[in-house]
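Everything numeric here is computed off the predicted structure, so don't read it as measured data. Residue numbers begin at 1 in each chain, while the letters A, B, ... track the order of the sequences.
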There are 2 protein chains.
Amino acid sequence: MNILLVEDDAVLADGLVYTLSNSGYSVTGATTGAYAEHIMLAQDFDLIVLDLGLPDMDGLQLLRKLRLRKVPVPILILTARDGINDRIQGIEQGADDYMAKPFELRELEARIHALIRRCYGGFRNDIEIGRLILNTLDHQILADGQPMMLSAREYDVLEILLLQAGKVVCKDRLAQRLAADGDALADNAIEVYIHRVRKRIEPYGAVIRTVRGLGYLLETAGDEK
Amino acid sequence: MNILLVEDDAVLADGLVYTLSNSGYSVTGATTGAYAEHIMLAQDFDLIVLDLGLPDMDGLQLLRKLRLRKVPVPILILTARDGINDRIQGIEQGADDYMAKPFELRELEARIHALIRRCYGGFRNDIEIGRLILNTLDHQILADGQPMMLSAREYDVLEILLLQAGKVVCKDRLAQRLAADGDALADNAIEVYIHRVRKRIEPYGAVIRTVRGLGYLLETAGDEK
DNA sequence: CCGAACCTTTCAAGAACCTTTCACGGAAAA
DNA sequence: TTTTCCGTGAAAGGTTCTTGAAAGGTTCGG
């Protein structure tokens, strides 16, 4: 987990880097707004701790800039300004949390933890094959970033194959999944569905290979032997 | 936007209901933990404001219970207990934010807003699809810059779809939202409302796509595939 | 070359969904 | 108070899409 700490007070910054590092975060320090902007181009952060009183620019200005640029990273403001209006302004302009100095390190840690939990807590279970992405959380398959329209059965088949991508999935397992209602399927139902799914995913660089006598296997197109 | 307020102090609760309702939220009150748990089964909430001092159980206990049950709804704790350990405990056990009494109503509103904004994947205060803009600050939908006149139900439907724009919203979730009063709806009520909303938003470059067997998805017109 | 396994196309039934219409009830206007 | 209007939700019939079966063709292994 990468945290960007934008804070010009060297003593406080050192203390925070030390504490947060000990908690298992990887912390990068920035003492000016300009440097913070610069380093963000090179590196991806999971959270920003932002002091409003920076030597070269107003922290709120940086905040607005980032949100205008559609940077979605969670931001926690940390500042000496503690007027009610400061707090509200900070939050309304895009910050996720706001703590006034002096503060307890343990509370800051807890709030950082809560933010990261909220933003990345739904552990990302994305599986990518070709230009297909399976998002198991929202029951959706993206093709070239667009939600792919599949019927229920087609989705079932493709999901099984994606979850076991690169491995052979035997026909029995597919049959079991498709016959969830108990009815037995025609003996070639699997083949029909594999055929349908093949046509759907072909344009997106994913291929279902047949393993005769065993089952099927999903892989990136062009992944020969 | 539905908020569940769990607070046993009638005076404070009334004040909060009044303020939050005026800000465009639909607020449901619960004065006991047991009732809160009960009402959550029937209705879908976007946020819970939780007082720790309840007559029948400890608020933290309720919090733990919900998180154990993997209820993902954001929770803001509101309490008289202001020890640093109380704060940390509350957050570590699954709360997203923590405010101590006495507090400023405006700050509570701002923090509620930040949480809802963050939980719907956003970081900006407005969501734009086609020529429609949902402003999450004043709970209004603009079409071509003009406020759109919608009936209560139509607004509910469109808001849910806008908040989850690009993702599939299942019919159950829509049904639960529309059946806020507990009555079951006719089996095709959702379809009727989708139809009505479609007619309303069609002229503004927004489209509701059907995902058969799952639900609906709002997107910009012309986003084919 | 033969049989088994697999591919592909077609089709009917029914599920899921769309659209229109209508009646009721509450709120605003007269 | 009465009238009118609009939101709401039920009902019903029409439309589209999924599903699974059937049947004939193709490829593979022996």
Show which side-chain atoms of residues 122-133 of chain B pair as donor or acceptor with protein atoms under 3.5 Å away, not counting sequence neighbours.
from: B/Asn125; atom 1: OD1; to: B/Arg117; atom 2: NH1; distance (Å): 3.0
from: B/Asn125; atom 1: ND2; to: A/Glu92; atom 2: O; distance (Å): 2.8
from: B/Arg131; atom 1: NE; to: B/Asp144; atom 2: OD1; distance (Å): 2.7
from: B/Arg131; atom 1: NH2; to: B/Pro203; atom 2: O; distance (Å): 2.9

(message) Other residues, nucleotides and ligands only: do more than 12 of their heavy atoms fall within 6.0 Å of CZ on B/Phe103?
(response) yes
(request) Report yes if at least one side-chain N or O of A/Ser151 is closer than 4.0 Å to OP1 or OP2 of D/dC17; otherwise report no. (result) no
(request) Mind calculating the distance between CG (A/Leu150) and P (D/dT18) to the nearest angstrom? (result) 10 Å
(message) Tell me every residue that passes side-chain contact (heavy atoms from CB on, under 4.5 Å) with B/Arg67, counting only those two or more places apart in sequence or in another chain.
(response) A/Arg118, B/Leu63, B/Ile75, B/Asp96
(message) Tell me whether the rings of A/His139 and A/Tyr155 are parallel (<30°), tilted (30 to 60°) or perpendicular (>60°).
(response) tilted
(request) Please report, rounded to the nearest Å, how far the C1' atom of D/dG7 is from the CE atom of B/Met149. (result) 14 Å
(message) Once rounded to the nearest 0.5 Å, what's the spacing between atom CD1 of B/Ile77 and atom CD1 of B/Ile91?
(response) 7.5 Å
(message) Using the salt bridge (charged side-chain N to carboxylate O under 4.0 Å, His left out) criterion, which residues pair with A/Arg69? Sequence neighbours excluded.
(response) A/Glu37
(message) Under 3.5 Å, is there a donor on one side chain and an acceptor on the other for B/Arg200 and B/Ser151?
(response) no
(request) Starting at atom CZ of B/Arg200, determine the distance to atom P of D/dC6, rounded to an integer number of angstrom. (result) 12 Å
(message) Strictly under 4.0 angstrom, non-hydrogen atoms only: write out the protein contact profile of nucleotides 17-23 of chain C, one letter per nucleotide from the 5' end, B, S or -.
(response) BBBB---
(request) Find the distance A/Arg177:CZ to D/dT19:P and express it as a whole number of Å. (result) 13 Å
(request) Sorted by first residue and then second, give each ring pair (Phe, Tyr, Trp, His ring centres under 6.0 Å) pair with at least one member in residues 31-72 of chain B; sequence neighbours left out. (result) none
(message) How many whole angstroms separate atom OH of A/Tyr193 from atom P of D/dA22?
(response) 15 Å
(request) Whole angstrom is fine here: how far is it from CG in B/Leu178 over to P in D/dA10? (result) 11 Å
(request) Take the C1' atoms of the five end pairs on each side of the helix from C/dC1-D/dG30 to C/dA30-D/dT1, derive the two axes, and give their angle rounded to 10 degrees. (result) 30°
